[in-house]
S.K.: 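Below is the structure I would like to discuss, written out as structure tokens.
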Amino acid sequence: MSNTKPSLTVLAWGAVALVALAAVMIFVVAPEDADQGFSQKIFYVHVPIALTAYACFGLGAWKAFRLLATRGERYDLESYTGVHLGTIFGVLTLVTGAIWAKASWGVWWTWSSNQLVLFLVLFLFYCAYFMLRFSVEPGPRRERISAVYALFGVALIPVSFFAIRLANDFIHPTVFTREGPQMTGEMFAAFCVSWASITLLAYVMYRVELAGKRTDANLRELREALQP
Amino acid sequence: MSSADQYVAAAYGVFVVVVLVWVAVLAAKLSRLERETGELVQLARARPVAGEQADG
């Protein structure tokens, strides 16, 4: 069977090149925002990180669905890795968001913004995934329970994502409207490159982490087989 | 350095630090896997080969 996935080395170097290009686009090409000034540059890291967190949780849920549908054991580790990375990017979303909030609104956090609160709920929901997973003995039962939990969480993603539009939130800015992105062409290009670079970086992290977890599992099996 | 500069530096700095911490954690895991693989190789070498066992 041939491996059709692109080489991890190529992807890793691609991520490095894209991150470097994104830095140039953000700090050299994109103009300073007339309203927020230099602190608006946080937008280029905060929003792509948040979108990547959603994508990782979505990937974790998709792999969980595949596990429940096909009983394929390999999907358990893939789902777990997706949720794990989603949590890492979730922490980053909350921290960079808090820094941006302090720079723009003068507060680190506000409970009156539905999108912030719903993202926190989504993040805490997936944090509880680990408590559930590690409270059950490894095996098919743990795989199924973890998969069902990861799948339930995916319902929170569209709610969190569209909360700002549904609730007509006036605190959290809406940059992407039906009329298109509310920014200049250079700013939008910088955003797209930054988003692509962080998504690729997350995919590389996913592949590396998954390889590590699989090797760990294989070594455990090998140890059991070799030990008298 | 203005306060806006400091906030931007902090946001990007947090991102870089988290990625570096992830790399460090992975490096530690890789080092553990390398040690465990070495132990398993020794364990496999110490086991008598099936043919040798039958001859003996």
Side-chain angles (χ1 to χ4, degrees), chain A residues 15 19 22-23 26-27 32-33 36-46 48-49 52 84-85 88-104 106 108 194 197-198 201-202 204-205 208-209 211-228, chain B:
Chain A
V19 168
I26 292 164
F27 293 105
E32 206 166 286
D33 186 65
Q36 291 189 49
F38 192 66
S39 64
Q40 184 267 346
K41 300 281 181 196
I42 299 173
F43 160 81
Y44 301 107
V45 70
H46 170 68
I49 283 173
T52 306
H84 186 226
L85 276 177
I88 292 173
F89 279 91
V91 170
L92 275 171
T93 305
L94 291 169
V95 174
T96 55
I99 293 169
W100 197 15
K102 181 68 180 165
S104 300
W108 294 104
S194 178
S197 70
I198 290 174
L201 180 70
V204 169
M205 288 167 83
V208 169
E209 212 170 295
K213 284 182 172 45
R214 278 187 180 146
T215 310
D216 206 10
N218 288 342
L219 278 182
R220 211 172 305 127
E221 261 186 52
L222 194 59
R223 183 179 291 276
E224 279 167 18
L226 281 174
Q227 270 172 351
Chain B
M1 209 176 180
S2 71
S3 64
D5 294 354
Q6 286 174 351
Y7 286 126
V8 173
Y12 283 85
V14 164
F15 176 64
V16 171
V17 165
V18 168
V19 172
L20 289 179
V21 167
W22 180 85
V23 170
V25 169
L26 216 80
K29 185 173 185 172
L30 188 64
S31 148
R32 179 176 60 80
L33 289 176
E34 189 184 19
R35 180 174 44 79
E36 284 183 11
T37 312
E39 285 171 9
L40 285 175
V41 168
Q42 282 185 342
L43 207 63
R45 282 187 182 146
R47 276 163 63 103
V49 180
E52 281 177 14
Q53 218 169 14
D55 293 342

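Any value given below was found using the heavy atoms of this structure, including those in side chains, with hydrogens, waters and symmetry copies removed. Just so we're on the same page: letters track the sequence lines, and every chain starts at 1.
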S.K.: Would you say B:Arg45 has more than 12 foreign heavy atoms packed within less than 6.0 Å of its CZ?
M.R.: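 No.
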S.K.: Which region of A:Val95, side chain (C-beta onward) or backbone (N, CA, C, O), has a non-hydrogen atom less than 4.5 Å from a non-hydrogen atom of chain B, or is it both or neither?
M.R.: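 Side chain only.
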S.K.: Roughly how far apart are A:Asp216 CG and B:Glu36 CD, rounded to 0.5 Å?
M.R.: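 It comes to 6.5 Å.
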S.K.: How far apart are the closest heavy atoms of A:Ser39 and B:Ala4, and which atoms are they?
M.R.: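 Between these two residues, the closest heavy atoms are N-CB, 4.1 Å.
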S.K.: What part of A:Leu219 lies closer than 4.5 angstrom to a heavy atom of chain B: side chain, backbone, both or neither?
M.R.: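 Contact with chain B involves both backbone and side-chain atoms of A:Leu219.
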S.K.: Tabulate, in ascending numerical order, the residues of residues 5-13 of chain B having at least one heavy atom closer than 4.5 Å to a heavy atom of chain A, or enter 'none'.
M.R.: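 Expected list: B:Asp5, B:Tyr7, B:Val8, B:Ala10, B:Ala11, B:Tyr12.
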S.K.: I need the B:Leu40 CG to A:Leu222 CG distance, nearest 0.5 Å.
M.R.: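 These two atoms lie 5.0 Å from each other.
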S.K.: Under 4.5 Å, heavy atom to heavy atom, which residues of residues 14-26 of chain B contact chain A?
M.R.: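 Residues B:Val14, B:Phe15, B:Val18, B:Val19, B:Trp22, B:Leu26 are the ones that qualify, each having a heavy atom under 4.5 Å from chain A.
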S.K.: Measuring from atom OG1 of A:Thr215 to atom CZ of B:Arg32, what distance do you get when rounded to the nearest 0.5 angstrom?
M.R.: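 Nearest 0.5 Å value for the OG1-CZ distance: 10.5 Å.
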S.K.: If you count heavy-atom pairs under 4.5 Å with chain B, which of A:Phe89, A:Tyr44, A:Phe27 comes out on top?
M.R.: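 When all of A:Phe89, A:Tyr44, A:Phe27 are compared, A:Phe27 has the most.
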